[in-house]
Amino acid sequence: MQIHSTQQCFGGELSYCSHESLTTGCEMRFSIFLPPQVSAGKRPLLWWLSGLTCTEDNFTTKAGAYRVAAELGLIIVAPDTSPRGEKVPDDDAYDLGQGAGFYLDATADPWSEHFRMYSYVTEELPQLVATEFPTDMSAQGISGHSMGGHGALTIALKNPHTYTSVSAFAPIVNPLNCPWGQKAFSTYLGTDQTVWQQYDACELLKATADRSGCPPILIDQGDADNFLVEQLKPQNFVAACEQVEQSVTLRMQPGYDHSYFFVSSFIEDHLRHHAGLLE
């Protein structure tokens, strides 16, 4: 692992790092914020998964999360959204290829060699972070925005005893039934929709019998989001939660869009939500 830069930030440290990933077969980058409380020992960890076109830098520079994270003693790790590099397959569209990993393990060629973001986020990167930084891996939360909200929800639902807290901003909750998901899943996973169901939060809720380990879910959604009706469909997820008695809070925020202005407006609420469950 290489640390490319470190800055002091609200009494803690913010670093940009990279490493050669065996999972994705290329260099992967992430940012990590260490609050001042790490001087006294290991601290809870919040994973942040970003959306389409983003890198490890978007949340880091735009969300305004670190003042509150420093107060609460939360470590925050923000990985890149996909494998990248000259040897990594790509597409000219913004919603496919590099910058659009969808937090799944691709099974179709040519994507399957590198596009293994689910395994990277749930296995390789946590092992690296636990080795290199003072993280309490018994207290992990996960959150994200848009495609990253999809990733946060599906990863938490597939690993209910790993993550103690979960939240999302404007998540893609039902990719089987929206253009973004249908395009990405058919490309990365092929045409068998039973395979797609493994990465659809609504379908995972219906298929998961053990609800005992999944924490309460907090979702914020702007009602002026131009992707709300066609792509996001949060009502589908709420209905699926009600069917299986999964605790969920959906907050529709009047006038807010899909941008990081929206995320930064409510990030403090989410950090306090996570801290209350992680401590």
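Values in this document were obtained by computation on a predicted structure and should not be read as measured data. Position 1 is the first residue of the sequence, and the numbers go up from there.
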In this structure, CG of D91 is separated from CG of L96 (nearest 0.5 Å) by 4.5 Å
With a sphere of 6.0 Å drawn around CD of E113, does it hold more than 12 non-hydrogen atoms of other residues, nucleotides or ligands? no
Quick one: does any side-chain atom of Q246 pair with a main-chain N or O of P215 as donor and acceptor, under 3.5 Å? yes
Tightest non-hydrogen contact, residues T154 and A201, listed as CG2-N, 3.7 Å
Minimum heavy-atom separation for G11 to P36, with atom names? O-CB, 3.4 Å
If you draw the axis of the six-membered ring of Y118, does the NZ or CZ of K158 fall within 45° of it and under 6.0 Å from the ring centre? yes
Examine distances only and state if a side-chain atom of T6 and a backbone atom of S15 form a donor-acceptor pair shorter than 3.5 Å. no
Return yes if a side-chain donor-acceptor contact under 3.5 Å exists between D192 and T194, otherwise no. yes
Would you call the rings of H270 and H274 parallel, tilted or perpendicular, taking 30° and 60° as the class edges? tilted
Verify side chain to side chain contact (heavy atoms under 4.5 Å, CB included) between M252 and L250, making sure each step is shown before the conclusion. CA-CA 6 Å; M252 296 300 299; L250 171 64; 4.1 Å; yes
Check whether more than 12 heavy atoms from other residues, nucleotides or ligands sit under 6.0 Å from atom CZ of R67, and answer yes or no. no
When you measure from the side chain of D90 to the backbone N and O of Q98, does any donor-acceptor pair fall under 3.5 Å? yes
For a quick check under 3.5 Å, do H4 and S18 share a side-chain donor-acceptor pair by atom type? yes
With a 4.5 Å heavy-atom cut-off, do L125 and L128 have their side chains touching? yes
In terms of side-chain geometry, is the basic nitrogen of E123 or R116 positioned less than 4.0 Å from the acidic oxygen of its partner? no
Hydrogens and angles aside, do S119 and D105 bring a side-chain donor and acceptor to less than 3.5 Å of each other? yes
Are the side chain of T135 and the backbone of M137 linked by a donor-acceptor contact shorter than 3.5 Å? no
Please determine whether residues Y94 and L232 belong to a single hydrophobic cluster, defined as Ile, Leu, Val, Met, Phe, Trp and Tyr linked transitively by side-chain heavy-atom distances below 4.5 Å. yes
Report yes or no: do S167 and S143 form a side-chain donor-acceptor pair below 3.5 Å? yes
Nearest non-hydrogen partners of S31 and T60, listed with the distance: OG-OG1, 2.7 Å
Contact check, side chains of R84 and T81, non-hydrogen atoms, under 4.5 Å: yes
Look only at the side chain of T55 and the backbone of D57, and say whether a donor-acceptor pair between them is shorter than 3.5 Å. yes
Gap separating the SG atom of C202 from the CD atom of Q235, nearest 0.5 angstrom: 9.0 Å
Do H273 and S165 have side-chain atoms, one donor and one acceptor, less than 3.5 Å apart? no
E13 and Q7 side chains, donor-acceptor separation under 3.5 Å: no
Set out, in order, the CA-CA distance, both residues' side-chain angles and the distance that settles side chain to side chain contact (heavy atoms under 4.5 Å, CB included) for L189 and Y199, then state yes or no. CA-CA 10 Å; L189 302 172; Y199 299 104; 3.9 Å; yes
Please name the pair of heavy atoms, one in G73 and one in R43, separated by the smallest distance, quoted to 0.1 Å. O-NE, 2.9 Å
Atom pair SG (C214) and CG (L153), whose distance is rounded to the nearest 0.5 Å: 9.0 Å
Close side-chain approach of I219 to V248, heavy-atom, < 4.5 Å: yes
Charged N-O contact under 4.0 Å between D220 and R251: yes
With a 4.5 Å limit on heavy-atom distance, are the side chains of C178 and I172 in contact? yes
Can you check whether E203's main-chain N or O pairs, donor with acceptor, with D200's side chain at less than 3.5 Å? yes
Counting only heavy atoms not in K42, do more than 12 fall under 6.0 Å of its NZ? no
Connected via hydrophobic side-chain network under 4.5 Å: L45 and I3: yes
Between CD of Q231 and CG of N174, what distance do you get to the nearest 0.5 Å? 11.5 Å
Side-chain contact test, heavy atoms from C-beta onward, threshold under 4.5 Å: evaluate it for S247 versus I217 and give yes or no. no
Any side-chain donor-acceptor pair under 3.5 Å between N58 and T61? no
Is the backbone of A70 close enough, under 3.5 Å, to the side chain of Q37 for a donor and an acceptor to pair up by distance? yes
What distance do M117 atom CE and F115 atom CZ have between them, rounded to the nearest 0.5 Å? 9.0 Å
Before you tell me yes or no, could you show the steps for T162 and T122 under side chain to side chain contact (heavy atoms under 4.5 Å, CB included), namely the whole-Å CA-CA distance, both residues' side-chain angles and the distance that decides it to 0.1 Å? CA-CA 9 Å; T162 300; T122 60; over 6 Å; no
So which heavy atom on T164 is nearest to which on A139, and how close? OG1-CA, 4.3 Å
Hey, does F102 have a side-chain heavy atom less than 4.5 Å from the side chain of Y188? yes
Would you sort out whether F227 and W180 count as a side chain to side chain contact (heavy atoms under 4.5 Å, CB included), showing the intermediate values? CA-CA 10 Å; F227 301 115; W180 275 339; 3.6 Å; yes
Where the side chain of E124 meets the backbone of T23, is there a donor-acceptor pair that is under 3.5 Å apart? yes
Taking a hydrophobic cluster as the set of Ile, Leu, Val, Met, Phe, Trp and Tyr residues connected by side-chain heavy atoms closer than 4.5 Å, whether directly or through intermediates, do V129 and Y16 fall within one such cluster? no
Counting C-beta onward and ignoring hydrogens, is there a side-chain heavy-atom pair between Q243 and L205 closer than 4.5 Å? no
Could you check whether H258 and N226, counting side-chain N and O atoms only, form a donor-acceptor pair closer than 3.5 Å? no
Run through the side-chain heavy atoms of Ile, Leu, Val, Met, Phe, Trp and Tyr, join any pair under 4.5 Å, and report what else lands in F33's cluster. F10, L14, L46, W48, F59, Y66, V68, L72, L74, I76, F169, Y256, Y260, F262, V263, F266, I267, L271, L278
Check the hydrophobic clustering (I, L, V, M, F, W, Y; side-chain heavy atoms under 4.5 Å; chains of links allowed) and say if L52 and V121 are grouped together. yes
Do N236 and N177 have a side chain donor and acceptor closer than 3.5 Å? no
Student check: side-chain heavy atoms of L176 and Q193 closer than 4.5 Å: yes
Please report the interatomic distance CD1(I142) to OH(Y103), rounded to the nearest 0.5 Å. 9.0 Å
For the side chain of D80 and the backbone of M28, is there at least one donor-acceptor N/O pair under 3.5 Å apart? no
Quick check against the 3.5 Å criterion: does S82 have a side-chain atom that pairs as donor or acceptor with the backbone of G99? yes
If Ile, Leu, Val, Met, Phe, Trp and Tyr residues are connected whenever their side-chain heavy atoms lie under 4.5 Å apart, and connections chain through other members, are V88 and M147 in the same group? yes
Can you find a side-chain donor-acceptor pair between T24 and H114 that sits under 3.5 Å? no
